[in-house]
Amino acid sequence: MFDFFKKNSPGSNPVKSSLTERLKQGLSKTRQQFSSQLASLFGGGKIDADVYDELETILLTSDVGVAATQYLLDQLKQSVKRENLQDTTELKAALKAALLELLTPLEYPLTINEQKPFVIMMVGVNGAGKTTTIGKLANLFQAQGKSVLIAAGDTFRAAAREQLQVWGERNNVHVVAAESGDPAAVIFDAINSAKAKNIDIVLADTAGRLPTQMHLMDEIAKVKRVIDKAHAGAPHEILLVLDANTGQNAVMQVKAFDDALKVSGLVLSKLDGSAKGGVIAAIAQARPIPIRYIGIGETMDDLREFKAADFVDALFDA
Amino acid sequence: MLENLTGRLQGVIKNLRGQARMTEDNVADAMREVRMALLEADVALPVVKEFIINVKARAQGQDVLQSLTPGQAVIQVVHDELTALMGKANVALNLAVVAPAIILMAGLQGSGKTTTSAKLAKLLKEQKKKVLLASADVYRPAAIEQLKTLAKQLEVDCFDSNASQKPCDIAAATLDFAKRHFYDVIIFDTAGRLGIDEAMMAEIKALHAQLNPVETLFVVDAMQGQDAVNTAKAFGDTLPLSGVILTKLDGDARGGAALSVRHITGKPIKFIGVSEKVDGLEPFHPERMASRVLGMGDVLSLIEQAQKNVDIDEAKKLAEKIKSGKNFDLDDFKAQMVQMRNMGGMGALMDKMPAQMSGMAAKMNTADAEKSMRRIEGIINSMTPLERRKPELIKATRKRRIAMGSGVEVQEVNRVLNQFEETQKMMKMFSKGGGMAKMMRGMQGMMGGKLPGMR
């Protein structure tokens with residue numbers, strides 16, 4: 001089961017940076033699942049209807065979703081026709097290319113501009129990993145020599161504030177929190193405090209909410225408006241945190257949060273445990289929003305920028 | 001809940017209902033649609049495959065072919081198979097052991113274990129059990145703090161553990177504490193863990209051995225995708241699970257996990273989490289859920305919900321008034337609305353209605369309806385007790401005062417008074433004519449069909 005130290009076949013990935021390796025480790029489950037099935041499929045032989053059926057099954061069980069699976073298969077069939085592919089081994093390269101083409105538009109890293117403070121608002125459903133991601137982001141930005149302040153805007157869930165304060169202590173970051181009350185007010189205070197202290201980046205946490213709860217979606221739209229009042233033009237980035245374990249519901253989450261807030265970036269969390277990350281293909285098709293980061297482990301530095309090529313490589317190379 | 005799946009399956013059903021004869025072709029067409037609908041809803045692929053095979057086999061069997069309404073018969077088959085998939089009947093918690101009965105909670109990170117532990121504690125407390133909550137989540141910052149805070153809100157005891165202790169020490173101390181203080185039930189919350197994390201899985205296995213719980217509940221996020229199969233397997237292989245709790249079902253228009261998790265783990269779904277609030281935990285009834293998925297509504301749950309949340313005395317008083325046809329005043333009018341809200345509001349009610357009815361209701365926005373109900377309440381609250389008893393007193397000056405008091409325009413106050421008068425008239429009709437039965441017949445005629453479960 002734990003064979004991620006197994007040597008990969010050489011030549012499949014020319015640049016073997018440590019980052020790719022880490023990603024591969026994180027994605028090992030995904031890769032294992034996906035590629036062990038693919039290996040038998042791409043082992044050579046004639047391309048026939050059975051192969052497509054099998055491929056459909058693999059893509060569907062990887063959470064790629066019905067629409068995106070259909071799209072990828074159509075692409076594949078086209079290139080088979082166009083390039084007159086005969087053998088299943090050639091199919092692999094074609095599928096990789098189709099997937100890469102689908103995912104590349106999502107590769108668009110976050111750039112922190114000269115706005116001071118640069119306000120990042122974190123949103124997502126309950127248990128997606130917002131608070132943990134904030135901890136990791138704070139660590140990342142500090143390593144880049146930036147000063148960070150965290151606003152504990154989750155005033156709903158019990159002990160959410162305490163959880164952030166622990167993260168803050170570990171990173172030596174100041175956390176602005178209030179006993180309870182209005183999330184918008186807490187974040188408003190935090191931004192003003194950041195201005196006074198000349199802080200570079202404000203990370204604003206918010207309570208988890210399901211997109212079906214209209215009043216909570218209204219509330220978060222209000223939080224965004226209040227942030228703009230505290231600092232015109234802010235928030236400069238709205239990150240939606242998605243749990244990689246989520247199925248097609250992730251697409252609905254992206255649509256709902258984007259409609260309410262205009263989400264500017266995604267974070268795909270818990271990619272280390274998921275056997276699939278396929279839902280991003282469905283997202284890429286339905287609502288292409290850049291994936292800024294992926295979470296591939298539980299420690300502080302397990303947050304990486306999303307690289308489509310690495311992701312696809314890690315999926316396919318066994 | 002489950003709107004997407006329901007919507008798609010309804011299309012199929014509508015189609016089938018019109019078929020005079022079942023052929024291999026139209027069954028195959030319908031099944032292709034059903035397959036897509038299930039996959040879109042994140043039902044695990046192996047489960048989908050088996051489901052389709054079963055339904056197909058039965059749909060081409062004698063029962064269906066000889067039926068006068070084959071379309072209807074196929075729908076019945078789908079309903080039966082859906083119910084079977086989810087486990088036939090509700091399975092309750094088994095707490096019949098020497099106290100303290102221990103419930104161990106396990107699941108992935110962020111699946112909702114801590115919140116569910118608290119909800120479960122509330123449920124058991126209502127059944128007059130002496131409940132102790134305890135948390136061995138020493139990894140996630142402030143996780144123990146979260147459980148303690150929730151326990152305080154619910155007025156349930158929480159064992160005083162802290163993050164510097166070892167989980168097994170916490171378990172031993174909790175057990176000791178519970179025995180000495182004669183608790184009926186311990187709900188033992190654990191840290192979230194990945195099925196592939198061997199060290200953490202070993203830890204929970206050890207905890208299980210130490211606590212020897214009567215219930216080991218696997219907490220699953222209803223929004224989980226196809227990987228649910230692997231996660232459930234990993235937990236099922238490590239722990240002798242006794243049941244499953246599905247969380248966040250309110251957020252999901254798909255709810256595929258509800259359909260696949262029973263099949264994968266072989267363990268019954270015991271509860272479903274349907275709201276963020278502490279009372280948002282319901283027992284799971286497969287046959288009712290199947291009805292709901294197929295758009296037939298869940299009137300039984302609705303009635304139970306009503307019994308649980310409606311203030312019986314209040315309702316009796318209201319019934320008396322309706323019967324006599326006298327004295328129905330603005331206070332009663334308000335009480336009606338409060339009762340409705342206690343049952344979870346319009347949205348929750350509509351969710352359990354048969355599709356024809358909720359379809360009707362979909363035209364009016366439930367959120368707007370709730371808002372206007374709140375506004376009416378506000379307006380009534382701005383009236384004096386005398387005005388509420390004798391609305392005829394309310395003339396221009398009083399109207400202006402009430403409008404100011406509730407922050408609305410005078411027209412709105414007028415509208416509420418008109419609405420109240422209409423209701424009052426209806427109440428009078430009630431008491432005179434054939435009463436409730438006549439009214440119900442009228443309503444049934446309106447809906448154009450029987451309510452399911454009422455024969």
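Quick note on labels: first sequence line is chain A, next is B, and so on, each numbered from 1. Note: hydrogens, waters and symmetry copies are ignored here, and every other heavy atom, side chains too, is used. No experiment lies behind these values; they were computed from the predicted model shown.
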Quiz item: Of the backbone (N, CA, C, O) and the side chain (C-beta and beyond), which part of B/Arg193 lies under 4.5 Å from a heavy atom of chain A, both, or neither?
Solution: neither
Self-check item: Main-chain N/O of B/Ser111 paired with B/Thr247 side-chain donor or acceptor, under 3.5 Å
Solution: yes
Self-check item: Student check: side-chain heavy atoms of A/Phe156 and A/Arg209 closer than 4.5 Å
Solution: no
Exercise. Could you tell me whether A/Asp182 and A/Lys222 make a salt bridge, using a distance below 4.0 angstrom between a side-chain N and a carboxylate O?
Key: yes
Quiz item: Which answer fits B/Leu147, side chain, backbone, both or neither, if we ask what part of it has an atom under 4.5 Å from a heavy atom of chain A?
Solution: neither
Exercise. Against chain A, work out which of B/Gly112, B/Gly225, B/Pro141, B/Gly110 has the most heavy-atom pairs shorter than 4.5 Å and name it.
Key: B/Pro141
Quiz prompt | Electrostatic pair A/Asp258-A/Lys255, nearest N-O below 4.0 angstrom | solution = no
Quiz item: So which part of B/Lys49 gets closer than 4.5 Å to some heavy atom of chain A, the side chain, the backbone, both or neither?
Solution: side chain
Exercise. Would you check if B/Lys148 and B/Asp160 make a side-chain contact, meaning some heavy-atom pair closer than 4.5 Å?
Key: yes
Quiz item: In terms of heavy-atom proximity below 4.5 Å to chain B, should A/Glu56 be classed as side chain, backbone, both, or neither?
Solution: side chain
Exercise. Among the options A/Val66, A/Thr132, A/Asp243, A/Val166, pick out the one with the most heavy-atom pairs lying under 4.5 Å from chain B.
Key: A/Val66
Exercise. Answer with side chain, backbone, both or neither: which region of A/Gln253 has an atom nearer than 4.5 Å to a non-hydrogen atom of chain B?
Key: side chain
Self-check item: B/Phe51 side chain reached by B/Ser260 side chain, heavy atoms, under 4.5 Å
Solution: no
Quiz item: What part of A/Leu164 gets closer than 4.5 Å to chain B, counting heavy atoms only: side chain, backbone, both or neither?
Solution: neither
